[in-house]
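The basis for the numbers below is simple: all heavy atoms, side chains too, and nothing from hydrogens, waters or symmetry mates. These numbers come from a predicted model, not from an experiment.
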Amino acid sequence: MPPASTGASTIVLGAAVPSSPATVSPAVPDRLTPGGPGYRRMSFALFAAGIATFALLYSTQALLPAVSASFGATAGQASWTVSAATGALALCVLPLSALSERFGRRQMMTASLAVAVVIGLLVPFAPSLGWLIALRAIQGAALAGLPASAMAYLAEEVRPKALVAAIGLFVAGNSIGGMSGRILAGWIAQLWGWRMALGAIGLLAVACAVVFHLMIPKARHFSPSTLNPKALAKTVGDHLSNPLLRRLYAIGALFMTVFGAVYTVIGYRLVEEPFGLPQGIVGSIFLVYLVGTLSSAAAGRLVARLGRRGALYLAVSTTAAGLLLSLADQLAAVLAGLVLITAGFFAGHAVASSSVSRTATSGRAQASALYQSAYYLGSSAGGTLGAVAFHAGGWAGTVVLGVLAVLGVLSITLFGTRAARTERLRAASPAPVHN
């Protein structure tokens, strides 16, 4: 997923809008715009690509109990089928976004999706858990080239006034792909087993890839640039030396640690007593993601009313309340807890991710790619650590891990609040008079 994207911010995924003014100049008359030629084709193409990307990325998450049973694996071992994909994506986002600057956004998206789809057709035939994890890692690495290139492609090809709507449609595809892939996998696995479920996800991705290939318009405003590792390293170093950006990266990673842990392990809890739910119902739990779409859409209004840090405090409180509520052994309480966790996570993620582009005054593509790397590293760590905690202490162990991550977000936000207050006081202090 992301899990899947939040659906709220134009930069939650990928490399974001390039910072060069030339890439979004309104003076160019032939950029895509709603109602104009090519815009609808582009929208359908990227919507399909978004569905394929996140259906594939999280395809095993709803199936982990069945994977564990098939291979005689613990929750921690099976969770690597998710963590390997998200971890590989996190590591490859930055280099693949750099390659798209040289070889083209459309070419990178096409190649990434093609490789990921081929791997998706091989995944159901994995003879062992080790092979399944290895294939998933390759798939995650391939998928890293698509979201980063998609954002840059949109910024270059779409008129500025239509850019937010275009990116929103791509993000919607991400969200729907992440949610529908899990639900589809859960019901098919209940009827025919987890391998058939993964095969169905692979075929869905093939159909989406064909739509993408046939519909995506050629890039008309891309200008290739030479690869400059030294310049890239300097830009990355500048971003990592920025204290505010570091805090935002850490917040994204910690929020995703909570989310990754909860949704990796929740299937194990719900198939066990006292719930004993069938696999199809467990997969349908991911409908809760719709709550995240609403909360992320409200993030902008929260920031306007409460400020960035105020919105983060509210997101932290909501997530923590959901974690504690989920400890109850009543299904209604668990579902309510998941609603609060999901709402808090998506709101916090939307605030943090949207703040990255605003904070970075140059190299916004790399700044957002670094955020995405931190985000998916958090997903990878959360999935594995959450499963280990569940094996050691049951659901309470996973909740403890989530609470510790939420406290980390709280500490970082409190530190940022104090730093901002100190800076305001320093700015308001009169300069010393020298005789």
Side-chain angles (χ1 to χ4, degrees), residues 1-8 12-13 50-68 75 78-79 81-83 85-86 136 171-191 194 197-198 200-201 204-205 208 255-272 275 277-297 319 322-323 325-326 331-347 349 376 379 382-383 386-387 390 395 398 402:
M1 309 50 45
S5 159
T6 70
V12 291
L13 290 170
I51 291 177
T53 298
F54 284 86
L56 290 172
L57 184 62
Y58 289 99
S59 59
T60 61
Q61 192 172 58
L63 306 174
L64 291 179
V67 172
S68 288
S79 71
T81 63
V82 179
S83 297
T86 54
R136 293 281 293 145
V171 169
N174 298 340
S175 179
I176 291 173
M179 179 182 68
S180 61
R182 292 168 170 98
I183 295 172
L184 177 66
W187 284 105
I188 293 179
Q190 180 176 321
L191 297 172
W194 66 270
L198 290 180
I201 297 299
L204 171 65
C208 290
F255 263 126
M256 193 57 176
T257 297
V258 179
F259 200 68
V262 166
Y263 277 98
T264 295
V265 172
I266 190 63
Y268 289 97
R269 188 182 188 206
L270 294 179
V271 298
E272 295 177 352
F275 305 110
L277 298 181
Q279 184 69 58
I281 298 296
V282 170
S284 298
I285 293 298
F286 289 95
L287 281 168
V288 173
Y289 268 40
L290 294 175
V291 175
T293 301
L294 297 176
S295 70
S296 60
T319 305
L323 287 167
L325 184 59
S326 71
L331 182 59
V334 173
L335 293 177
L338 288 176
V339 167
L340 292 177
I341 293 167
T342 304
F345 160 74
F346 273 97
H349 168 45
Y376 281 109
S379 174
F390 181 78
W395 181 251
T398 303

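No side-chain heavy atom of Leu277 sits less than 4.5 Å from a side-chain heavy atom of Val271. At least one side-chain heavy atom of Ile266 sits less than 4.5 Å from a side-chain heavy atom of Trp395.
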Could you list the donor-acceptor pairs under 3.5 angstrom formed by side chains in residues 331-338, with sequence neighbours left out?
none

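Annotation for Ala52 and Cys208: closest pair CB-CB, 3.7 Å, computed over non-hydrogen atoms. In plain terms, the two heavy atoms of Gln190 and Ile281 that are nearest each other are OE1-N, 4.0 Å. Heavy atoms only, all atoms of each residue included: Gly267 and Val282 are closest at CA-CG1, 3.6 Å. When all heavy atoms of Gly283 and Ile183 are compared, the closest pair comes out as O-CG1, 3.4 Å.
For the atom pair CZ of Phe346 and OG1 of Thr319, the computed distance is 11.0 Å after rounding to the nearest 0.5 Å. Note that CD1 of Ile201 is 7.0 Å distant from OG of Ser180, once rounded to the nearest 0.5 Å. Note: Ser79 OG to Phe390 CZ = 12.0 Å, rounded to the nearest 0.5 Å. Summarising the geometry, atom CG belonging to Leu63 is positioned 6.0 Å from atom CD belonging to Gln279; distances are rounded to the nearest 0.5 Å. Rounding to the nearest 0.5 Å gives a distance of 9.0 Å between CD of Gln61 and OG of Ser83. Atoms OH and OG1, on Tyr268 and Thr398 in that order, are 11.0 Å from each other to the nearest 0.5 Å.
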For Leu340 and Phe345, what are the C-alpha separation, side-chain angles and deciding distance, and is it a side chain to side chain contact (heavy atoms under 4.5 Å, CB included)? CA-CA 8 Å; Leu340 292 177; Phe345 160 74; over 6 Å; no
Leu323/Val262 under side chain to side chain contact (heavy atoms under 4.5 Å, CB included): CA gap, chis, key distance, verdict: CA-CA 9 Å; Leu323 287 167; Val262 166; 3.9 Å; yes
Could you walk me through whether Val288 and Tyr263 pass side chain to side chain contact (heavy atoms under 4.5 Å, CB included), step by step? CA-CA 11 Å; Val288 173; Tyr263 277 98; 3.5 Å; yes
Between Tyr376 and Leu57, is a side chain to side chain contact (heavy atoms under 4.5 Å, CB included) present by the stated rule, with each step listed? CA-CA 11 Å; Tyr376 281 109; Leu57 184 62; 3.8 Å; yes
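Between the side chain of Thr81 and the main chain of Ala78, a donor-acceptor pair closer than 3.5 Å is present. Formation of a donor-acceptor pair under 3.5 Å by the Arg182 side chain with backbone atoms of Ala62 is not found in this model.
Between Phe259 and Phe255, the gap from one ring centroid to the other reaches at least 6.0 Å.
For Trp187 and Ser284, the side-chain atoms include at least one donor-acceptor pair closer than 3.5 Å.
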